[in-house]
Amino acid sequence: MAVIALKCPQYKVSVVDVSESRIKAWQTNDLPIYEPGLLEVVQAARGRNLFFSTDIDAAIRESEVIFVSVNTPTKTFGEGAGKAADLQYWEKVAREILRESRSPKIVIEKSTLPVKTAQTMETILNTGDRKIHFEVISNPEFLAEGTAVKDLLEPDRVLIGSRETPSGFEARREVVDIYAQWVPRERIVTSNVWSAELSKLVANAFLAQRISSINSISALCEQTDASILEVAYAVGMDSRIGNRFLNASVGFGGSCFKKDILNLVYICESYGLNEVALYWESVLAMNEFQEARFVRKMIREMFNTIVGKRIALLGFAFKADTSDTRESPAIYVARKLLEEKAYVAISDPKALDNARLDLGEFEENLELLESPYEAAQGAHALAIMTEWELYRSLDWEKIYASMEKPAFVFDGRNLLDHERLFKIGFNVYPLGRPPLKQF
Ligand code: UGA
């Protein structure tokens with residue numbers, strides 16, 4: 001919304017939320033989330049045509065277009081628990097819009113939703129006695145965290161799905177007009193509502209599938225002395241395959257991939273498409289395998305015991321340039337190491353507050369430190385969890401000198417210069433490449 005406000009000064013954008021503390025934070029320069037370039041965008045538009053408030057009802061009444069971006073987490077209870085999307089907040093908003101509206105509105109699904117959700121929204125909105133016309137549009141968001149502002153300013157595509165009726169086409173045009181203020185027209189794609197809803201889930205499923213595919217091959221590389229970097233490079237050179245999203249890792253994290261694939265799986269199951277459900281479920285199974293394999297390797301290589309050993313985790317965010325730790329593979333790795341009675345020292349430039357919450361159940365044997373040098377001090381091993389650039393240029397000689405020997409590095413992101421670390425004296429375990437061992 002901040003980017004829309006920035007690029008469309010003729011529109012008034014009101015951002016409303018139930019959380020008072022979050023709305024307050026949006027009004028300061030200490031925003032509730034870290035995202036490169038976001039503060040500048042907010043500062044440029046805030047007070048001009050971008051406003052933050054908790055008065056949801058007023059914003060509903062005065063707006064002609066409403067973007068609904070409430071959370072749709074995986075359901076934790078009842079039917080579909082663990083897979084289906086929890087739509088309670090979504091439905092609540094629909095009823096609130098119906099209650100407060102006095103004039104026709106375009107209601108835009110921005111949250112990621114199961115295919116066919118727009119129908120529910122339409123049904124609720126059309127139950128009122130007042131005959132107000134609502135048009136429901138699906139406009140899924142494709143930005144990735146860490147590059148959100150850039151992705152919004154220069155999107156690969158913007159997708160707008162509407163009903164294929166005269167009023168649907170009209171609403172579609174109005175939403176296209178917003179994005180056309182800065183997005184080249186050929187990148188604004190229109191479709192029917194169901195295609196737009198489904199495309200979002202499918203795009204995430206395909207992206208996650210690429211990572212699971214390359215991660216599965218990283219395991220095979222480690223058995224065969226092939227290098228995952230060379231394989232990914234050679235494979236990615238095929239223009240039909242492409243070279244992006246082929247970095248093997250300790251596993252993908254984030255609030256989207258797992259949730260959306262589970263959602264897709266649940267939808268397939270509910271239509272009786274069990275083979276399709278199993279196919280996509282295996283993308284998640286591969287991710288779990290990769291995380292588990294990483295920890296198993298650490299334990300095995302450190303002489304099958306890590307009891308009492310200090311292990312430094314560099315990075316806790318689910319990817320670089322974000323403070324977000326949701327579904328971060330680092331959570332799994334840290335928990336497993338703690339269960340094995342290791343002493344875990346975690347360092348991350350932005351995500352320590354979240355790490356503290358994620359690991360709240362562990363009080364002992366856990367330390368959270370700003371400085372990667374302090375985390376590594378006295379450690380037997382160090383594992384890279386997040387691809388923060390800054391880890392490349394640490395003083396690795398100094399780190400080596402401060403660690404217990406033999407010193408191990410497990411690079412869960414293939415981020416570091418492994419040859420160099422080996423020359424310094426480390427035992428280095430990349431992903432999907434032969435280890436560099438001193439003994
Ligand atoms: C993802 C999609 O990339 C966005 O297009 C989508 O809009 C978003 O979900 C969403 O549904 O809201 P995001 O989860 O923010 O974005 O981050 P990604 O860049 O996709 O990274 C996801 C995970 O995959 C991270 O843990 C990352 O480190 C990992 N990854 C990514 C790899 O392990 N290897 C790669 O080659 C790329």
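Bear in mind the structure is a predicted one, so any value in this text is a computation, not a measurement. Remember, it's 1-based here, ligands and their atoms both numbered in the order they're listed.
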Which label fits [X] and [Y]: parallel for a plane angle under 30°, tilted from 30 to 60°, or perpendicular past 60°?
{"X": "F410", "Y": "Y429", "value": "parallel"}
{"X": "F52", "Y": "W26", "value": "parallel"}
{"X": "W182", "Y": "Y179", "value": "tilted"}

Check: Looking at ligand 1, does any of its N/O atoms fall within less than 3.5 Å of an N/O of F257?
Finding: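 Between F257 and ligand 1, no N or O pair is found under 3.5 Å apart.
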Notebook entry, point to check: Does A144, backbone or side chain, put an N or O under 3.5 Å from an N or O of ligand 1?
Noted result: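 Among all N and O atoms of A144, none is under 3.5 Å from an N or O of ligand 1.
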Closest protein heavy atom (residue, atom, distance) for [atom]:
{"atom": "atom 2 (C) of ligand 1", "result": "N204 OD1, 3.5 Å"}
{"atom": "atom 27 (C) of ligand 1", "result": "R413 NH1, 3.8 Å"}
{"atom": "atom 14 (O) of ligand 1", "result": "F318 CE1, 3.6 Å"}
{"atom": "atom 17 (O) of ligand 1", "result": "K319 NZ, 3.4 Å"}
{"atom": "atom 5 (O) of ligand 1", "result": "F142 O, 2.8 Å"}
{"atom": "atom 15 (O) of ligand 1", "result": "E145 N, 2.7 Å"}
{"atom": "atom 32 (C) of ligand 1", "result": "I211 CD1, 3.6 Å"}
{"atom": "atom 6 (C) of ligand 1", "result": "L143 O, 3.3 Å"}

Taking the basic N atoms (NZ, or NE/NH1/NH2) and the acidic carboxylate oxygens, is any pair closer than 4.0 Å for [X] and [Y]?
{"X": "K297", "Y": "E301", "answer": "no"}
{"X": "R163", "Y": "E122", "answer": "yes"}
{"X": "R293", "Y": "E222", "answer": "yes"}

Notebook entry, point to check: Is a donor on one side and an acceptor on the other found under 3.5 Å between the side chain of T190 and the backbone of I160?
Noted result: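 Such a contact is absent between T190 side chain and I160 backbone.
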Checklist line | Nearest option to atom 23 (C) of ligand 1, as decided by whichever heavy atom of G251, A203, S212, G253 sits closest | finding: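 When every heavy atom of G251, A203, S212, G253 is considered, G253 comes closest to atom 23 (C) of ligand 1.
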Item checked: Heavy-atom proximity to atom 36 (O) of ligand 1, best of N414, I214, N247 ->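 Nearest option to atom 36 (O) of ligand 1, by heavy atoms: N247.
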Check: Does even one non-hydrogen atom of R210 get within less than 4.0 Å of ligand 1?
Finding: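 Outside the 4.0 Å threshold, so no.
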Checklist line | Whether over 12 other heavy atoms sit under 6.0 Å from R210 CZ | finding: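 Result for CZ/R210: enclosed.
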Check: Near K336 NZ, under 6.0 Å, is it more than 12 heavy atoms from other residues, nucleotides or ligands?
Finding: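 Incorrect, the count does not exceed 12.
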At a 4.0 Å threshold, what atoms of ligand 1 neighbour a non-hydrogen atom of [X]?
{"X": "K200", "result": "6 (C), 7 (O), 8 (C), 10 (C), 11 (O), 12 (O)"}
{"X": "S249", "result": "32 (C), 33 (O)"}
{"X": "C256", "result": "8 (C), 9 (O), 10 (C), 11 (O), 12 (O)"}

Applying a 4.0 Å heavy-atom criterion (strictly less than), which segment of [X] is in contact with ligand 1: side chain, backbone, both, or neither?
{"X": "T112", "answer": "neither"}
{"X": "L207", "answer": "side chain"}
{"X": "E141", "answer": "backbone"}

Notebook entry, point to check: Side chains of E327 and Y332: donor-acceptor distance under 3.5 Å anywhere?
Noted result: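 There is no such pair (donor and acceptor under 3.5 Å, judged by atom type) between the side chains of E327 and Y332.
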Next item on the list: Decide whether Y373 and D395 meet the rule of one side-chain donor and one side-chain acceptor closer than 3.5 Å.
Entry: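 Looking only at side-chain atoms, D395 and Y373 do not form any donor-acceptor pair under 3.5 Å.
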Margin query: Quick check on the 6.0 Å ring-centre criterion: do F408 and F426 meet it?
Written below: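 Ring-ring flag for F408/F426: false, centres at least 6.0 Å apart.
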